[in-house]
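First up is the structure itself, then whatever we jot down about it.
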2 protein chains.
Amino acid sequence: MSVPTIKFYVREGLLPAGELTSPNQASYGEAHVQRLRLVRALLDVGGLSVASIREVIVAVDDPERSVHKLLGTVAGGLVPSYGREPGDGIEEARKQVAALITSRGWRANPGSPAAEALAVALAALEEAGHGAFTEVLGAYADAAEAVARADLGYVAHNVAREQLVESVVVGTVVGDAIFSALRRLAQTDASDRMFGEAT
Amino acid sequence: MSVPTIKFYVREGLLPAGELTSPNQASYGEAHVQRLRLVRALLDVGGLSVASIREVIVAVDDPERSVHKLLGTVAGGLVPSYGREPGDGIEEARKQVAALITSRGWRANPGSPAAEALAVALAALEEAGHGAFTEVLGAYADAAEAVARADLGYVAHNVAREQLVESVVVGTVVGDAIFSALRRLAQTDASDRMFGEAT
DNA sequence: AAGTATGGATAGTGGGACTCTCCACTATCT
DNA sequence: AGATAGTGGAGAGTCCCACTATCCATACTT
């Protein structure tokens, strides 16, 4: 990490300023390094924007927030935020999402960023002429539930709030990347079994 | 879609040029519109760069490529390509990935982009101090297998090559977004059940 | 004939993530 | 003590990327 980059992060509010020991000397501790690693993980692997990371950081540092609310903020802020794309089939997709949430018995708000993101994605599928993809939505939801259970199980290990929150953030963002990569590998395998020729 | 944007896509090789009926008139058909929708889906929902999309398009349009190879190209080109980030714990992570592939019996190349992406993500986790997250890797892999099976099952519906290929591309990219959103929703639900207070 | 649109190509725009440059001052080397 | 290197702070500049604007000669439209 170059010094100017760190300065930039401090200015952008991703990193707390060091403790000034004199007008132009500041000292940094392990906490700064840890925070820096968090920022890099979100940036490089999670692909978040600096602005999104700032939101997440602010939420993480706010001790007022209950753990559950914080998870909500994080999950919301971490949605990749697909291009504007208003689209017109979006209404239908929203209903579909609401129906899914109901049928699954999920305690989730149909207006949450995640739900909206799902609606946008489904609408895009429909528009691209692959509406039939929704056939597999059930299988996806099953898998998502399994993954979420695993996530929460992991999170429950960390009792200290600071650690807990961070594990949620990291797990959510890096977890996406990990799952995505695993899916590719599993697809490769499945494709090989289905279409693979000799050799 | 504005005209200049379409011109831009044509120049970038994302879209075939229209058929010239005179020096300055060209006609476009349904295929162009379809391709345009594909590009928009990859761009908006998939978050791919124009360069990645071009690679995918080229692969899709190459009739020489076997379906399986094409899937490989697509899956490879569609990897989000996390920031450079060489890191140093990467070697250990690569071994971990290779071990996972072996233990799962996956027919996948440990050097493939997906495997590399997984290694990078795991290394980032380790560096961020959340190496214990790998505890849940098994659960993730199970879920990934289930999703991949569903994907291939869907893909198998489409017999026409053109359609098949497109469904793979769309399914892979938009599927990521859909799963990600579903995971957020399921996490919200799980978190509510675990930490939710009254009200 | 007037007005508008088109394909093609080059240059410019706006946003995002840095990176450079300046400044006055401090730490450290010798 | 003097030379050299580094620091925090802040504005400007750079680079990349997905567009967008402008030009031009020509071709549809009315």
Side-chain angles (χ1 to χ4, degrees), chain A residues 1-29 31-33 35-58 77-87 120 124 173, chain B residues 1-29 31-33 35-58 77-87 124 173 177:
Chain A
M1 295 295 317
S2 77
V3 172
T5 301
I6 290 176
K7 287 184 181 182
F8 170 71
Y9 289 166
V10 171
R11 257 179 289 155
E12 293 295 317
L14 306 189
L15 215 53
E19 193 184 338
L20 282 178
T21 60
S22 66
N24 72 337
Q25 295 299 125
S27 76
Y28 299 85
H32 289 89
V33 178
R35 174 57 55 85
L36 192 50
R37 275 199 269 257
L38 174 63
V39 169
R40 293 309 311 186
L42 297 186
L43 213 43
D44 289 343
V45 180
L48 297 203
S49 71
V50 166
S52 308
I53 295 178
R54 182 170 38 231
E55 279 177 39
V56 171
I57 294 283
V58 167
L78 299 183
V79 168
S81 82
Y82 315 126
R84 33 294 184 213
E85 169 121 17
V120 169
V173 174
Chain B
M1 293 296 317
S2 77
V3 171
T5 300
I6 290 176
K7 286 184 179 182
F8 169 72
Y9 289 166
V10 170
R11 257 177 290 148
E12 293 295 317
L14 306 189
L15 215 53
E19 194 183 337
L20 281 178
T21 60
S22 67
N24 73 336
Q25 297 297 126
S27 76
Y28 301 86
H32 289 87
V33 178
R35 174 56 56 85
L36 192 50
R37 275 198 268 258
L38 173 63
V39 169
R40 292 308 312 186
L42 297 186
L43 210 44
D44 289 343
V45 181
L48 297 203
S49 71
V50 166
S52 309
I53 295 177
R54 180 169 39 230
E55 280 176 40
V56 171
I57 294 284
V58 167
L78 298 184
V79 167
S81 81
Y82 314 127
R84 32 297 183 211
E85 169 121 19
V173 175

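Note that these values count all heavy atoms, side chains included, but never hydrogens, waters or copies made by symmetry. This one's a predicted model, so the numbers in the text were calculated from it and none came from an experiment. Within every chain, numbering begins at 1; the chains are lettered A, B, ... in the order of the sequence lines, protein sequences first and strands thereafter.
Listed here is the closest heavy atom pair of B:V10 and B:P16: CG2-O, 4.2 Å. Residue B:V173 comes nearest to B:G46 through the heavy atom pair CG1-CA, 3.0 Å, listed as atom of the first residue, atom of the second, then distance.
Distances from the side chain of A:R11 to the nucleotides D:dA12, C:dG8, C:dT26 place D:dA12 closest. Among the nucleotides C:dG7, D:dG8, C:dC18, the one closest to the side chain of B:K7 is C:dG7. With D:dA27, D:dT20, C:dC20 as the choices, the nucleotide that has an atom nearest any side-chain atom of A:P4 turns out to be C:dC20.
Proximity of B:Y9 to the phosphate of D:dT20: no side-chain N or O atom is located under 4.0 Å from OP1 or OP2. A sub-4.0 Å separation between OP1 or OP2 of D:dG8 and a side-chain N or O of A:S22 is absent. In terms of phosphate contacts, A:T5 brings a side-chain nitrogen or oxygen within less than 4.0 Å of OP1 or OP2 of C:dT19. Here A:Y28 does not reach the OP1 or OP2 of D:dT7: none of its side-chain N or O atoms lies under 4.0 Å away.
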Show your reasoning for whether side-chain hydrogen bond (donor to acceptor under 3.5 Å, both in side chains) applies to B:R40 and B:Y9. CA-CA 10 Å; B:R40 292 308 312 186; B:Y9 289 166; 2.5 Å; yes

What's the verdict on side-chain contact (heavy atoms from CB on, under 4.5 Å) for B:R35 and B:I57, showing C-alpha distance, side-chain angles and the deciding distance? CA-CA 9 Å; B:R35 174 56 56 85; B:I57 294 284; 3.4 Å; yes

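Take the nearest nucleotide of DNA chain C for A:N24 and for B:Q25: the residue whose nucleotide is more 5' is B:Q25. When each of A:V50 and B:V3 is assigned the nucleotide of DNA chain C with its nearest heavy atom, B:V3 is the one assigned upstream, toward the 5' end. Closest-nucleotide positions on DNA chain D for B:T21 and B:A51 were compared, and the one nearer the 5' end corresponds to B:A51.
With rounding to whole Å, B:E19 atom CD is found 13 Å from C:dG7 atom P. Straight-line distance from the CE atom of A:M1 to the C1' atom of C:dC18: 10 Å, rounded to whole Å. Taking atom CD of A:E12 as the reference point, atom C1' of C:dG15 lies 13 Å away to the nearest angstrom. Going from atom CG of A:D44 over to atom P of C:dA17 covers 12 Å, rounded to whole Å. The distance between atom CZ of B:F8 and atom C1' of C:dA9, rounded to the nearest whole Å, is 14 Å. As rounded to whole Å, 11 Å separates atom P of D:dT20 from atom CD1 of B:I6. Per the geometry, CG belonging to B:L48 stands 14 Å off P belonging to D:dC17, to the nearest Å.
To the nearest 0.5 Å, atoms CG (B:L14) and CG (B:L38) are separated by 9.5 Å.
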